[in-house]
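Some notes on the structure that comes next.
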Amino acid sequence: MRRDNTARLLDDATPPRDGDALLAALLRPELAELRAYAPESGRFDVRLDANEAPDMLSEAAQRRLAEAMAPRSWQRYPDARALELRAAIAERCDADVDEVLVGCGSDDVITLLLTALGRPREGAAAATIVTTSPSFVMYRTSARARGFGVIEVPLDEDWDLDVAAMRRAIAVGRPNIVFIATPNNPTGGVMSEARLDAVIAAAPDALVVLDEAYVDYAPRSAIALRRRYPNVAVLRTLSKVGFAALRVGWLIGPAALVREVDKARPPFNLPAPSQRAATVVLRELGEEVARVVDFVAGERTRVAAELVALGLEVAPSAANFLWVGTRRPAAEVHRALADRGVLVRSFHAGGGRLANRLRISLGLRAENDRLLAEMARSR
Ligand SMILES: *Cc1c(COP(=O)(O)O)cnc(C)c1O
């Protein structure tokens, strides 16, 4: 006789399972290798660890955003299609509205892509992604949490794409998605155009996602590649130019892709206040953003030169942070700085050539000065 679940639950003779055993039977095995994202807790005078923009929004802009965010009606859901915001993005990015997919930060868009584009290749047990090492950790985390295989291809000694190695990984791994951040996080540089081109040309059967989270700080964008290749999409965000609190990111890609991924998107993934504030940022606050970007670019040159003068190595940056080589182990420098109230990001856990690397976001002038003063004692 077949016992259904109800019968099982009512059966006193079944010994209760302990909670851990129950979870172990239910959880994806890949979760065992992941850790929840936990920003360093504790109080720090200066936080230069998350690539946020310096706090320099004008009073007028703050008032305008507050006014725009106040809901017209609290009880209504937001616009499920985020039409106004998507129109503002489309205009900004020279795209059609149906080529724009919005998410609660680009993190959300990454998970949506992985959810939708998850079909294993013929003969493979799971779908795969290819990305670089180092790169943005969410590609790996999000992919593993959905059961994808992950192939990370080391960048070359200048932190640029290693085309031959990428080609091999693509040929062997047959990825569904190739994620490339340019400018890259945490290394800060833009990938050279010819190499990007070569990698995209080597992956005609995959979606190639060019993540341009830091494009506002960069001398050039790779977005034109999406006109040359049908398999290219571009990720953007408001988080790195002063609006991380809104959680607004988007994908520009082929309309057919956007239409399909949209089926996996929770319809109300972007709160109404964020939709409206982001529309205001894109339509009205261009000068505010330009002021932040110019300021950061100036500080990037100044702080990099000061760090070099302290004997540290600084990679060329096209972003709002610096990728800094330390002489002592980065873990020690990171701890020494943190003990003195300055938080930066260390990548020593990655080992190898990352053991001596710190990623330092650029802040306000006084914050950067404090970083430099503490670095002079801690390096
Ligand atoms: C910060 C960052 C993101 C995440 O942006 P959100 O829009 O805040 O989710 C995406 N990609 C890269 C490379 C980043 O550094």
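In listed order, ligands and their atoms are each counted from 1. The shown structure was predicted, so the numbers you read here are calculated from the model rather than taken from an experiment. By convention here, the first residue in the shown sequence is residue 1.
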If you scan protein heavy atoms around atom 13 (C) of ligand 1, the nearest is Asp211 OD2, 3.4 Å

For Gly105, the ligand 1 atoms with a heavy-atom partner under 4.0 Å come out as 6 (P), 7 (O), 9 (O)

Atom 5 (O) of ligand 1 sits nearest the protein heavy atom Ser106 OG, 3.0 Å

re atom 14 (C) of ligand 1, the protein heavy-atom contact at minimum distance is Lys240 NZ, 3.0 Å

**OP:** Please work out which of the three classes, parallel, tilted or perpendicular, describes the rings of Tyr139 and Phe179, given edges at 30° and 60°.
**Re:** parallel

One finds that the ligand 1 atoms under 4.0 Å from a non-hydrogen atom of Asn185 are 13 (C), 14 (C), 15 (O)

Mind telling me whether His334 and His348 have parallel, tilted or perpendicular rings, with 30° and 60° as the class edges?
tilted

Practice prompt. Answer with yes or no whether the side chains of Tyr229 and Asp197 bring together a donor and an acceptor at under 3.5 Å.
Written response: yes

The single option from Cys104, Pro271, Ser106 that satisfies side-chain contact (heavy atoms from CB on, under 4.5 Å) with Arg247 is Cys104

Note: heavy atom closest to atom 15 (O) of ligand 1, options Phe136, Phe321, Tyr214, belongs to Tyr214

- Query: Would one find an N or O of Tyr139, backbone or side chain, under 3.5 Å from an N or O of ligand 1?
  - Reply: no

Heavy-atom distance under 4.5 Å between the side chains of Thr128 and Asn176, does that happen here?
no

### Message
When you compare ligand 1 with Asn51, is there at least one nitrogen or oxygen pair between them that comes in under 3.5 angstrom?
### Response
no

Per-atom filter on ligand 1: closer than 4.0 angstrom to a heavy atom of Arg247 are 6 (P), 7 (O), 8 (O), 9 (O)

Have Arg328 and Asn356 got a donor and an acceptor in their side chains that come within less than 3.5 Å?
no

One finds that the ligand 1 atoms under 4.0 Å from a non-hydrogen atom of Asp107 are 4 (C), 9 (O)

Within 4.0 Å of some non-hydrogen atom of Ala213, the atoms of ligand 1 are 11 (N), 12 (C), 14 (C)

Ser239 heavy atoms within 4.0 Å reach ligand 1 at atoms 6 (P), 7 (O), 8 (O)

Please confirm whether Met138 comes under 4.0 Å of ligand 1, counting heavy atoms of the residue only. no

